[in-house]
Amino acid sequence: MLDIYEKLFDHFGARHWWPGDTSLEVCIGAILTQSVAWKNVEKAISNLKQQNLLDWENLKRASAEDIEPYIIPTRFYKMKAKKIVSFVRFVEENYGSLEKMFSEDLEVLRPALLKVWGLGPETVDSILLYAGEKPTFVIDAYTKRIFSRLGAIDADISYEDLRSYFQDALPKEAPLYNEYHALIDGLGHHICLNKKPRCMDCPLNELCNFNNTNSKKE
Ligand code: SF4
């Protein structure tokens, strides 16, 4: 597992994730980024900043309707505004601040966040890893696609099983999980494309079942 990490790191270098000035900005970005390109999230984050809605005191008083107009670029914006409100309410009612929330034990906080309305496991793990610096591995569609093409996992593996697959094989270190997920995103976004993967340019091509099978056919 670390050999794959090293090949990806040699290819892409450090990716400096997650872009965001504050932990609150990272949390809101993690909620907004689902099902939309990052450039749209950047527009929404910039809008929220201009309205001082990435200030905790202002955001905790905002309703979903107050937030909606500024996050329209992120699609499903009405639903996402409700998710932001439900997340902020959870933090406020249970901890009073993000800092206090992130001082909570990961084994307590992750299950609690997974029960918050509107937050799925990818969003929760992104918040915990990238805003809270907790060692929890983030799984996304790229992770499943790449590791199933490599031949390491079944394509229909569950989120939790794939998360365990990484966590059982790697040292439990947040900086490593941070960089590894960012590198997987780089490969999925630029090289291991859904329809036409660019296997010739891929740093993992010698290890990859998909590539080895297809190159034999040619
Ligand atoms: S060799 Fe091709 S299919 Fe395999 S991981 Fe790389 S880009 Fe994806």
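We use all heavy atoms of the structure for the numbers below, so side chains are in, but hydrogens, waters and symmetry mates are not. Just so we're clear, the structure is a prediction, and the values are computed from it rather than from any experiment. Throughout, numbering of the chain's residues begins at 1 and tracks the sequence. Each ligand, and each atom within it, is numbered from 1 in the order the structure gives.
- Put simply, CD on E42 and CG on N47 are 12.0 Å apart, with the number rounded to the nearest 0.5 Å.
- Taking the side chain to side chain contact (heavy atoms under 4.5 Å, CB included) definition, one finds that A152 meets it with F147, Y165, sequence neighbours left out.
- Among residues two or more places apart in sequence or in another chain, the salt bridge (Lys or Arg N to Asp or Glu O under 4.0 Å) test is passed with R198 by D201.
- The residues lining ligand 1, counting any heavy atom closer than 4.0 Å, are R149, I191, C192, P197, C199, C202, N205, C208, F210, N211.
- A salt bridge links K60 with E57: at least one charged nitrogen is closer than 4.0 Å to a carboxylate oxygen.
- For N205, there are no side-chain hydrogen bond (donor to acceptor under 3.5 Å, both in side chains) partners two or more places apart in sequence or in a different chain.
- Put simply, M1 and I153 are part of the same group of oily side chains (I, L, V, M, F, W, Y) that touch within less than 4.5 Å, one to the next.
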